Amino acid sequence: MPELPEVETVMRGLAPLLLGRRLLWVEARRGDLRWPLPEGLGPRLAGARVTALGRRGKYGLIHTDRREVLILHLGMSGRIRLDPPALGPHDHVVLATETGARLVVHDPRRFGAIDLVGASDLDRHRWLAHLGPEPLDPALAPDHLARAAAGRRVAVKALLMDQRVLAGIGNIYASEALFRAGIAPGRACRRISAVRFIRLQQALGEVLTESIAAGGSSLRDHAQISGALGDYQLHLRVYGRAGLPCPSCGAPVRRSRIGGRSSFHCPRCQR
DNA sequence: CACGATACCTGTAAGC
DNA sequence: TGCTTACAGGTATCGT
């Protein structure tokens, strides 16, 4: 499920359930996701009050009054289930709140990860320390991408998905932003002008903002805590639409493989 | 250093 | 119907 807009949607959905509330107990039902769960997760969180919720790139952040932060990454298949009627084999962590809600971290592929760290160490955490800036930060320089791309030989789509360049862009929104900017995903960065990169960065901001407003994209999973589906997938113009007509010119959308990931683009509109 | 390939894990859908 | 294969929203790590 989760790129930046989906993680943002999840954290917003968690706010009314968690913000200002105490956690009664937390249970890890297995010792690891992608990596081992932190030592003493349950005891360290039991009784703690949630003071803030946030997001950095694709990582969700839950701050507590014990000056610790739960870092949550949903990987490819992770999601949060609210009050499921029963727990299954892929329900790995359960958080129970003082109001009786049970939040379940569900992740069949277990590419996700969880850690719990001191708040003062957050920026130095190995998952966060090397992340690039937030694409929706109003203070982001309009030519950030253009500068990061200068002289690079990588395909522009691979650059967009490099979390050290910008945090939170994944396979869907990289394809969508490139379509809007009219840039072919396989084009080498150094063969794209600064002006076009500025346009790409703008397109990226638009796509992300629109998706968040729609509750994210629900491809295989629910994006929202409430169980409601985000419906930005209905607005996707090229992602997952191989062979279907380009919404702009009607030419069939082409699927290719860049950096090992499926890419979608219109060969006529994107150069 | 920059980049591509591979590995991790399970479920689902397509192909034969 | 059943078996096999390819692929899925991510990221760390290992080659070249």
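Being a predicted model, the structure only gives us computed values, none of them experimental.
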Undergrad: I'd like to know if the side chain of Thr51(A) pairs up with that of Asp65(A) as donor and acceptor (distance under 3.5 Å, no hydrogens or angles considered).
TA: no
Undergrad: Using centres under 5.5 Å plus planes under 30 degrees as the test, is Phe111(A) stacked with dT11(C)?
TA: no
Undergrad: Between Ser262(A) and Tyr239(A), do the side chains contain an N or O donor and an N or O acceptor separated by less than 3.5 Å?
TA: no
Undergrad: In whole Å, I'd like the distance from the CZ atom of Arg261(A) to the P atom of dA7(B).
TA: 16 Å
Undergrad: For Asp107(A) and His90(A), run side chain to side chain donor-acceptor pair (under 3.5 Å): C-alpha distance rounded to whole Å, both residues' side-chain angles, the deciding distance at 0.1 Å, then the answer.
TA: CA-CA 6 Å; Asp107(A) 185 2; His90(A) 305 306; over 6 Å; no
Undergrad: Between atom CH2 in Trp127(A) and atom P in dA12(C), what is the gap in whole Å?
TA: 9 Å
Undergrad: May I ask you to verify if any side-chain N or O of Arg255(A) is less than 4.0 angstrom from the OP1 or OP2 atom of dA8(C)?
TA: yes
Undergrad: Between Arg180(A) and Glu210(A), does any side-chain N to carboxylate O distance fall below 4.0 Å?
TA: yes
Undergrad: Could you give the CZ-to-C1' distance, from Arg257(A) to dT6(B), as a whole number of Å?
TA: 13 Å
Undergrad: Can you tell me if Ser262(A) touches the phosphate of dC7(C), counting only side-chain N or O atoms and a distance under 4.0 Å to OP1 or OP2?
TA: no
Undergrad: Roughly how many Å apart are dC14(C) and dC9(B), using the P atom of each and rounding to a whole number?
TA: 16 Å
Undergrad: Strictly below 4.0 Å: does Gln163(A) bring a side-chain N or O up to OP1 or OP2 of dT11(C)?
TA: yes
Undergrad: Considering all heavy atoms of both residues, which atom of Pro252(A) and which atom of Pro267(A) are nearest to each other, and what is their separation?
TA: O-CD, 3.5 Å
Undergrad: Mapping Arg34(A) and Pro89(A) to their closest nucleotides on DNA chain B, which lands nearer the 5' end?
TA: Arg34(A)
Undergrad: With a 4.0 Å cutoff (strictly under), does any side-chain N or O of Arg153(A) reach OP1 or OP2 of dC3(B)?
TA: no
Undergrad: Expressed in angstrom and rounded to an integer, what is the separation of Leu160(A) atom CG from dG9(C) atom C1'?
TA: 16 Å
Undergrad: Given dC3(B), dA12(C), dG10(C), which nucleotide is nearest the side-chain atoms of Trp35(A)?
TA: dA12(C)
Undergrad: So does His73(A) get a side-chain nitrogen or oxygen closer than 4.0 Å to the phosphate oxygens (OP1/OP2) of dT11(C)?
TA: yes
Undergrad: Ion pair present between Glu134(A) and Arg55(A), side-chain N to carboxylate O less than 4.0 angstrom?
TA: yes
Undergrad: What is the distance, rounded to the nearest whole Å, between atom NE2 of His92(A) and atom P of dT10(B)?
TA: 9 Å
Undergrad: For dC3(B) and dG9(C), measure between their P atoms and round to the nearest Å.
TA: 22 Å
Undergrad: Wobble G-U and Watson-Crick pairs count when both distances are under 3.5 Å; given that, what is the 5' to 3' dot-bracket string of DNA chain C, with | for pairing to other strands?
TA: .|||||||.|||||||
Undergrad: Starting at CG of Asp231(A) and ending at C1' of dG9(C), how long is that distance when rounded to a whole Å?
TA: 17 Å
Undergrad: Taking only side-chain nitrogens and oxygens of His90(A), does any of them come within less than 4.0 Å of OP1 or OP2 of dC9(B)?
TA: no
Undergrad: Please work out if Gly260(A) contacts a base, only the sugar-phosphate, or nothing of the nucleic acid, heavy-atom cut-off 4.0 Å.
TA: nothing
Undergrad: Is any side-chain N or O of Arg109(A) closer than 4.0 Å to OP1 or OP2 of dC7(C)?
TA: no
Undergrad: For Arg237(A), is there any backbone N or O sitting under 3.5 Å from a side-chain donor or acceptor partner on Glu176(A)?
TA: yes
Undergrad: Measure NZ/Lys58(A) against P/dA12(C) and give the value in whole Å, please.
TA: 10 Å
Undergrad: Relative to the 5' end of DNA chain B, which residue comes earlier, Ala155(A) or Arg110(A), by the nucleotide with the nearest heavy atom?
TA: Ala155(A)
Undergrad: Is Lys58(A) salt-bridged to Glu6(A), going by a charged N under 4.0 Å from an acidic O?
TA: no
Undergrad: How long is the line joining OH of Tyr239(A) and C1' of dG10(C), in whole Å?
TA: 12 Å
